[in-house]
S.K.: 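Got a structure here, written out as structure tokens. Questions coming.
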Amino acid sequence: MSVRVRFAPSPTGHLHIGGARTALFNWLYARHTGGQFVLRIEDTDEERNTPEAISVILEGLRWLGLDWDEGPAGNDPTGESKGDRGPYFQSQRGEIYARHVEALKEKGLAYEHEGAIRFRMQREAITIPDLVCGEVLRDLTDREQEQPDFVIVRSDGKPVFHLVNVIDDLEMGITHVIRGEDHLSNTAKHIALFRALDAEPPAFAHIPLILNSDGSKMSKRDDGASLDGWQQTHCVPEAVVNYLSLLGWSPKDDSQMMTVAELIERFDLPQINRANARFDVEKMQWMNYEHMRYLPMDRYRQLAVETGVDFGNATDDYIEAALATCQNKVKQIGDLAEYCAFYFCDAVEVDEAMAAKAFSAEHKEGFVKLREVFANLESFEPKPMESALKALAEELGVKIRALVMPARCACTGVKIGPSLYDLMAVLGRDRVLTRFDAALARMG
RNA sequence: GACCCCUUCGUCUAGUGGUUAGGACACCGGCCUUUCACGCCGGCGACACGGGUUCGAGUCCCGUAGGGGUCGCCA
């Protein structure tokens, strides 16, 4: 039988990082096994259920690259969907729930109580077979001893989570329920419900939770807790996927950096951990940088555009050559615009503190000569420039720095930047000499 | 209050009876280097505690402590 898994988020207005990780594990398992990944929207709570809230989820999943084989095609609950086991919005499945509730009542497994409908829950402990946690014997709590029968339909007629969740998993033919460990205890209820519905429960895999760095429960306000935060800072989605995959799952060797294809290849349920993990923003950022460094140029360029880099009227070749010198240097993509600004302006903005040193009188003579050397250089490429500069430094008996600092300051105006020779090659001889002349003018 | 899960460097983790307890992030040195970053080398740093079982325990059992979750006419 083919694996069918699902992600069943509730539209709360944001996609929690823990939810994203749950979606990822389900998706990876489906892709690993060649099964189906179903997306179902649990929008029974009408108050916070808006088209925008649904879009946040759909867009978040799309951004991560977690495509669903069945589920909504858009954010309209009554609109189009993909797959023949729909509707995929719980708000549209009222009749299905009613039918099952009726059947339960007829079998004497559900009854009315103060306007609500309760499920006649078994009074004995239930063994939960879990692919991650093993056989968990779930006994009744003291409150459940007093009232074991839980509400499945509220007095206002709305079916409750436990009921709809089970019915949907049943109707949609879900074979593996992979979800957060916060549902482990509730699974006893679900198993009883499946049996009452004359169905074998699916396999369960409860995955550990993601906590804050201090070990407390992550809520949407916490640092890094919401997926849109990472989207808005223009993270590389593959990096988020990679980082999230390592929270609660391990490839069991020392692999850290993995492509999505590798994750699909290697992901499986037995390697899931049992202990909760804490979200480490710094490691996430490191991983993002690692992925960003190796992004193909078209995507890196796209990132540059998104983060506000102004290319002016530069040519494609120039833009891409310029960005290539930045890609393995800039760790936070938000810093790129400032970092590469000198490439795309006519006159550089000079950092006076740096200029005071770089353009000091003692450097002038060498700088004048350097200009002359560069003006007559046969090839304006990094290697010849480097050789020429070093040869000149030796000839003049000065340190390389004495020539490099004024050159860098003239070309970029700032202390930090790409490799000097690379950057000059990109700028080209004309721009470099023009900037040298502007610097020379300052030196008097 | 009850029930369930968990416990290896600060963090993510490897480890399934015999290891100098390994890797990654972070941090600290050094090298490389025009700056920054990368890279390389090195350092810091962990088996929660107490009992067992065993020739031998991070690995198995029990207990304690700590953390997390659940017990709702929320999902």
Side-chain angles (χ1 to χ4, degrees), chain A residues 8-12 19 42-45 47-48 90 113-118 125 128 130 132-134 136-148 150-162 164-165 180-189 206 208-211 213-217 243 246-257 271 273-287 289-290 293 326-331 335 339 354 358 386 389-390 393 399-409 412 414-421 423:
Chain A
S10 166
T12 58
E42 306 219 335
D43 58 342
T44 51
D45 185 0
E47 299 211 354
R48 49 187 181 182
Q90 289 186 334
H113 177 74
E114 291 180 357
I117 299 174
R118 285 180 180 269
I128 302 163
D130 190 280
V132 174
C133 305
V136 176
L137 185 66
R138 166 73 224 276
D139 210 344
L140 301 202
T141 67
D142 54 359
R143 288 184 195 183
E144 288 166 339
Q145 299 272 9
E146 288 173 31
Q147 173 53 287
F150 56 93
V151 171
I152 53 176
V153 180
R154 295 191 280 246
S155 52
D156 64 2
K158 293 261 167 52
V160 168
F161 164 74
H162 300 298
V164 297
N165 196 266
E181 195 222 71
D182 49 342
H183 285 106
L184 182 58
S185 292
N186 286 154
T187 304
K189 291 188 173 81
H206 287 92
L209 269 19
I210 299 178
L211 308 174
S213 58
D214 65 356
S216 62
K217 187 178 180 179
Y243 178 69
L246 259 13
L247 250 32
W249 174 81
S250 165
K252 303 298 181 191
D253 60 12
D254 292 331
S255 302
Q256 302 285 328
M257 298 294 297
Q271 300 99 301
N273 297 135
R274 301 178 67 167
N276 292 166
R278 301 179 188 207
F279 192 86
D280 184 348
V281 172
E282 285 185 333
K283 187 155 185 179
M284 172 66 241
Q285 284 169 338
W286 167 80
M287 190 154 269
Y289 172 58
E290 290 298 308
R293 284 170 66 192
C326 304
Q327 187 168 192
N328 60 353
K329 299 273 192 173
V330 177
K331 296 190 98 165
D335 297 338
Y339 191 87
M354 187 201 184
E386 180 174 358
L389 185 142
K390 284 180 175 171
K399 295 200 170 201
I400 291 168
R401 267 182 78 81
L403 296 177
V404 161
M405 266 181 40
R408 173 176 290 283
C409 192
T412 74
V414 288
K415 233 178 144 180
I416 294 172
S419 161
L420 177 64
Y421 309 110
L423 114 224

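Each chain gets a letter, A, B and so on, in the order its sequence line appears, and its residues count up from 1.
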S.K.: Going by purine N1 to pyrimidine N3 plus the second Watson-Crick contact, or the G-U wobble pair, all under 3.5 Å, which nucleotide sits opposite B/rU20?
M.R.: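 Paired with no nucleotide.
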S.K.: So, does the side chain of A/Asn276 form a donor-acceptor pair with the base of B/rG68 at under 3.5 Å?
M.R.: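 Checked by distance alone, the answer is no.
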S.K.: For the residue pair A/Phe161 and A/Phe150, is the inter-centroid distance of their aromatic rings smaller than 6.0 Å?
M.R.: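 No, ring centres 6.0 Å or more apart.
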S.K.: Considering every strand shown, what is the Watson-Crick or G-U wobble mate of B/rU34 when both distances are under 3.5 Å?
M.R.: none
S.K.: Report yes if a side-chain nitrogen or oxygen of A/Arg138 is closer than 4.0 Å to either non-bridging phosphate oxygen (OP1 or OP2) of B/rC5; otherwise report no.
M.R.: no
S.K.: Report the base-pairing partner of B/rC27 (Watson-Crick or G-U wobble, both distances below 3.5 angstrom), or none.
M.R.: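 Across all strands, the one nucleotide that pairs with B/rC27 is B/rG43.
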S.K.: Can you see which heavy atom on A/Arg401 is nearest to which on A/Pro406, and at what distance?
M.R.: O-CD, 3.9 Å
S.K.: Looking at A/Lys283, does any N or O in its side chain come under 4.0 Å of the phosphate oxygens OP1/OP2 on B/rA24?
M.R.: no
S.K.: Heavy atoms only, 4.0 Å cut-off, all strands: where does A/Tyr289 land among base, sugar-phosphate and nothing?
M.R.: sugar-phosphate
S.K.: Rounded to the nearest angstrom, tell me the gap between atom CE in A/Met257 and atom C1' in B/rU13.
M.R.: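 Spelled out: CE on A/Met257 to C1' on B/rU13 is 17 Å.
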S.K.: Are any of A/Asn273's side-chain N or O atoms less than 4.0 Å away from OP1 or OP2 of B/rA14?
M.R.: yes
S.K.: Which residue, A/Pro159 or A/Glu181, contacts RNA chain B at a nucleotide closer to its 5' end, judged by nearest heavy atom?
M.R.: A/Glu181
S.K.: Using whole Å, report how far CE of A/Met405 lies from P of B/rC36.
M.R.: 12 Å
S.K.: Provide the Watson-Crick or G-U wobble partner of B/rC3, both distances under 3.5 Å; none if there is no partner.
M.R.: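 B/rC3 is paired, partner B/rG69.
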S.K.: When the distance from CD1 of A/Ile128 to P of B/rC5 is rounded to whole Å, what number comes out?
M.R.: 9 Å
S.K.: Please test A/Glu290 against A/Lys283 for salt bridge (charged side-chain N to carboxylate O under 4.0 Å, His left out), starting from the C-alpha separation and ending with a verdict.
M.R.: CA-CA 10 Å; A/Glu290 290 298 308; A/Lys283 187 155 185 179; over 6 Å; no
S.K.: Using the side-chain heavy atoms of A/Val404, tell me which of these nucleotides is nearest: B/rA26, B/rC73, B/rU34.
M.R.: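 In terms of side-chain proximity for A/Val404, the closest of B/rA26, B/rC73, B/rU34 is B/rU34.
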S.K.: Which part of the nucleic acid, if any, lies within reach of A/Ala116 when heavy atoms closer than 4.0 Å are counted: base, sugar-phosphate only, or nothing?
M.R.: base
S.K.: Under 4.0 Å between any heavy atoms, over every strand shown, what does A/Ser155 touch: base, sugar-phosphate, or nothing? Just pick one.
M.R.: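 Base contact.
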S.K.: Looking at A/Ala125 and A/Leu137, what are the two nearest heavy atoms and their distance?
M.R.: CB-CD1, 4.0 Å
S.K.: Check whether any side-chain N or O of A/Lys415 sits under 4.0 Å from OP1 or OP2 of B/rU34, and answer yes or no.
M.R.: no
S.K.: Could you pick out which residue, A/Ser419 or A/Phe279, lies toward the 5' side of RNA chain B when each is mapped onto its nearest nucleotide?
M.R.: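 The residue whose closest nucleotide sits nearer the 5' end is A/Phe279.
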S.K.: Any side-chain N or O of A/Arg278 less than 4.0 Å from the OP1 or OP2 oxygen of B/rA26?
M.R.: no
S.K.: Can you tell me if A/Lys399 has over 12 outside heavy atoms packed within less than 6.0 Å of its NZ?
M.R.: no
S.K.: With no hydrogens and no angle check, is any side-chain donor or acceptor of A/Asp43 less than 3.5 Å from a backbone partner on A/Ser10?
M.R.: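 No, A/Asp43 side chain to A/Ser10 backbone: no donor-acceptor pair under 3.5 Å.
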S.K.: Give none if B/rU64 has no partner; otherwise give the nucleotide forming a Watson-Crick or G-U wobble pair with it, both distances under 3.5 Å.
M.R.: B/rA48
S.K.: With a 3.5 Å cut-off and just heavy-atom distances, do the side chain of A/Ser185 and the base of B/rC71 make a donor-acceptor pair?
M.R.: no
S.K.: Using only heavy-atom distances, decide whether a donor-acceptor pair under 3.5 angstrom links the side-chain of A/Arg401 to the base of B/rU34.
M.R.: no
